[in-house]
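For reference, the structure discussed in these notes is given below.
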Amino acid sequence: MKTKVVVLSFAFAFAAALSLSAGPKQTMLMNRLGPSQMTLYIANADGSSEHPLFSSSGFDYNASFSPDGKWIVFTSERNGSGEADLYRVRLDGSGLERLTDDPALDDQAAFSPDGNQIAFVSTRGAHTANIWIMDLTTRKLRNLTGAPALQAPAGKLDGFFRPSWSPDGQWIAFSSDRNFDFKPHEFPQPGWEHPQELSIYIIHPDRQGLRRLTMQDGVSTGSPKWSPDSKRVAFYELPTAHTFAARIYAQGMVTSQIVSVDVATGARVEHTAGPGLKVGPQYLSADRIAYLIKAGPNAGLAFTSGGAGVKGAVRNPAWSPDGKQVVYQKVDFTARPQNQALYSWDPDMEVQYTDVFPRFSRDGKLAISDIRTLATTAAASISVMNADGSGKKVVFSDKNGAAFVPTWSPDGQWIAFGFGGFFGARETTPAKLMMVRADGSQQSKDLTKGLPNSGFPTWSPDGKQIIYRVWGAGEYGLRVLNLSDGSTKTLTTELDNFPAYSPSGDLITFTRRDAKTLDYDIFTMRPDGTNVKRLTTTPGNDSHSSWSPDGKYILWSSGRYGFKDEAPLYDNSFQPFAQIFIMKADGSDQHALTYSRWEDSMPAIVPPAAQKNTLTKRLL
């Protein structure tokens, strides 16, 4: 397919552009904030008598039934963690068939009423989420929402999600955040991550007759499903301001309702009331709707009439056409193993998972913050290991705070880091710079006091200074700590963070919040604070930058392509659409390196010294 060739050509361009060194294939470590496993189950309609769809899980999710009830279409990453394609299988787990094989994300498939086509979400071609249609016989593809008239202006969110065919085949309903701004959230407390305002639309399969069914400002509506007579569309509804809380630890604070509207008249019916985050409605009959209570005191499967379903943490339930069975996924957030292989869209690069804030010493040792998941950031230790994850030892641990962003002294003897409260806790909890011996002797000392909140250090290549960020008590920006006498000086006074020295020490990358757009972008400057240059300018947050070992390239995490699904359907995910990007050190040639559904961040290229050490160990 043409789009496949285009996407692959980008991957080959990355490989050519990187060219970090000759010899072994390059390896990139990165963190992925998302589930470590997802498993599909089939059960009775109320969730009783469940059993796995497959004898072993292939990281499968977002399933739905065919109109005749004989097939299930679903998304799977069985070809590599992060690379999502569509498959179908019979209800007994036999007859598995792969339907798509594009490097882009393919997800959220729904059958047409005759079972001959599927509508699904894909990022192929444009990188943003659109609704595509595939003929299952010919495998011919067409982009339903890709016409310029349907696309949002540049600088706006522009995703299309959760397609649903009307039983009479005349319409496809979907949700979309098109035309909504990239802006920070305010609930449950202000932060940089984006809320998402979804509206429900319908369109004929031939792209004609686009209509918007829901259009109330400040309200987000998602996951449309049709009534049996094709006259009504059901969906969930919640305040737009709560769409961030709905995807993190604060889900229990969010209330949504199941609502339907008459397509012809707009007449509205609220089918539920009371607390609980309710999503995923589906008509089982003209007067009965099944749905999921995602969070709240009665979390589990639920119905508008006729009894309750099984309680528990299931996700994305889809009921069979006869209403007798349900398929859903269970999600596992157990931490991935350090250095677990992830899918690489670049044939000349291996990609591996790492815990957060990976940093390499000059001789190739790896230091990380042990946090297991960014869903909980109150505590973290510092560990040191070989680049392949072997030989791990904890060099600093204190349950009274989080130790974040280790940075190596040039001689590899010490590791500096921030210790205390960070992210949301930075407003109320102090944090200081510390340093600890890298040999595991636990010898440590303080470098700063607890106020202002200090952290995210980077050690100068000459070993004389550490640059770090401060936050609060009327002080913001980057500071320089002189290690010889303990003196500090102000480098910047804006909302700057994540400084990182280039390998040669001539430049520093850092993240700055734009006062107008409130987005974070990547900048560089000289170590003395001069020659400040902005490298990223697109809407969406850009952060977590790191240098290639030769100093020619900068890698970072960017949210510029927007959401790939409805925000309230995610769990433990702050910015679920962030991907890894790479650019030259001057900001040119910006390209994505990952295309997953999840939040990919904190990239680090394994340096030649570490690769040499690993190769030597393998040969011994």
Side-chain angles (χ1 to χ4, degrees), residues 35 37-79 84-101 106-121 133-137 139 162-167 169 223 225-228 279-285 288-292 300-303 306-332 569:
Q37 187 56 269
M38 303 179 82
T39 304
L40 291 176
Y41 288 82
I42 294 183
N44 296 329
D46 63 357
S48 62
S49 302
E50 71 173 19
H51 63 274
L53 178 59
F54 297 103
S55 57
S56 60
S57 177
F59 205 101
D60 308 320
Y61 51 94
N62 288 346
S64 62
F65 284 90
S66 62
D68 61 9
K70 296 181 179 179
W71 292 90
I72 290 173
V73 64
F74 64 98
T75 305
S76 181
E77 297 182 13
R78 58 188 58 217
N79 188 51
D85 286 305
L86 299 178
Y87 293 75
R88 65 177 172 182
V89 68
R90 296 191 183 277
L91 272 62
D92 62 1
S94 66
L96 179 66
E97 180 184 2
R98 186 173 181 176
L99 301 178
T100 65
D101 62 354
D106 293 329
D107 191 16
Q108 306 163 45
F111 280 98
S112 61
D114 61 10
N116 293 327
Q117 301 177 85
I118 55 171
F120 64 99
V121 172
I133 294 177
M134 172 188 281
D135 185 298
L136 291 174
T137 300
R139 302 299 168 93
R162 299 284 163 174
S164 173
W165 294 78
S166 61
S223 295
K225 288 293 175 62
W226 291 88
S227 61
V279 296
Q282 181 178 332
Y283 278 95
L284 300 186
S285 65
R288 189 174 187 232
I289 297 175
Y291 59 96
L292 172 68
L301 302 182
F303 306 89
V310 168
K311 306 304 178 187
V314 303
R315 293 292 181 262
N316 196 63
W319 282 265
S320 59
D322 62 8
K324 295 181 179 180
Q325 293 180 291
V326 63
V327 60
Y328 50 75
Q329 67 227 26
K330 291 187 176 182
V331 184
D332 187 355
L569 304 186

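Using a 4.5 Å heavy-atom threshold, the side chains of Asp60 and Thr75 count as separate. Considering only heavy atoms from C-beta on, Leu284 comes within 4.5 Å of Trp319 through its side chain. Using a 4.5 Å heavy-atom cutoff, the side chains of Arg139 and Leu99 are in contact. Residues Glu77 and Tyr61 have side chains in contact (heavy-atom distance under 4.5 Å, counting atoms from C-beta outward). Annotation: side chain of Met134 is in contact with side chain of Phe120 (closest heavy-atom distance under 4.5 Å). Inter-residue side-chain proximity for Phe303 and Arg288 is flagged as met; some heavy-atom pair is nearer than 4.5 Å. Leu86 places none of its side-chain heavy atoms less than 4.5 Å from the side chain of Phe74. Side chains of Ser223 and Pro281 form a contact here, defined as non-hydrogen atoms less than 4.5 Å apart.
Legend: residues meeting ring pair (Phe, Tyr, Trp, His ring centres under 6.0 Å) with Tyr283, ordered by chain and number and at least two apart, are absent. Residues that satisfy the side chain to side chain contact (heavy atoms under 4.5 Å, CB included) test with Gln117, not counting sequence neighbours, are Ser112, Ile133, Arg142, Trp165. For Asp46, there are no salt bridge (charged side-chain N to carboxylate O under 4.0 Å, His left out) partners at least two apart in sequence or on another chain.
If you take CG on Asp92 and CG on Leu53, they are separated by 9.0 Å, rounding to the nearest 0.5 Å. Atom CG of Asn79 sits about 13.5 Å away from atom CZ of Phe59, to the nearest 0.5 Å. Here CD of Gln108 is found 12.0 Å from OG of Ser164. Values are rounded to the nearest 0.5 Å. With rounding to the nearest 0.5 angstrom, the CG atom of Asn62 is 15.5 Å from the OH atom of Tyr328. From Trp71, atom CH2 reaches atom CD of Glu97 across 6.0 Å, with rounding to the nearest 0.5 Å. Rounded to the nearest 0.5 Å, atoms CD1 (Ile42) and CG (Leu91) are 4.5 Å apart.
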Next item on the list: Give the intermediate values and the outcome of side chain to side chain contact (heavy atoms under 4.5 Å, CB included) for residues Leu569 and Val279.
Entry: CA-CA 8 Å; Leu569 304 186; Val279 296; 3.9 Å; yes
Next item on the list: Carefully, step by step, assess Lys70 and Phe65 under the rule side chain to side chain contact (heavy atoms under 4.5 Å, CB included).
Entry: CA-CA 7 Å; Lys70 296 181 179 179; Phe65 284 90; over 6 Å; no
Next item on the list: Begin from the C-alpha positions of Gln37 and Ser57 and carry the test side chain to side chain donor-acceptor pair (under 3.5 Å) through to its verdict.
Entry: CA-CA 8 Å; Gln37 187 56 269; Ser57 177; 3.0 Å; yes
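Annotation for Lys311: atom NZ counts as buried by contact number, over 12 foreign heavy atoms lying within 6.0 Å.
No option in Val327, Val73, Ile118 other than Val73 meets the side-chain contact (heavy atoms from CB on, under 4.5 Å) test with Ser64.
For the pair Gly323 and Ala45, the tightest heavy-atom approach, listed with the atom from each and the gap, is O-CB, 3.1 Å. Minimum heavy-atom separation, Ala63 to Ile72: CB-CG2, 3.7 Å. Val89 approaches Ser94 most closely through the heavy-atom pair CG2-O, 3.2 Å. The two residues Val331 and Pro35 make their nearest non-hydrogen contact at CG1-CB, 3.4 Å. When every heavy atom of Pro321 is checked against every heavy atom of Ser66, the shortest pair comes out as CG-O, 3.3 Å. Across all non-hydrogen atoms, the minimal contact from Val121 to Pro163 is CG2-CD, 4.0 Å.
With Ser76 contributing its side chain and Gly58 its backbone, the two residues share a donor-acceptor pair below 3.5 Å.
Glu50 and Lys330 are joined by a salt bridge, as a carboxylate oxygen and a charged side-chain nitrogen come within less than 4.0 angstrom of each other.
Taking the ring centre of Phe54 as origin, the terminal cationic atom of Arg78 falls inside the region bounded by 6.0 Å and 45° from the ring axis.
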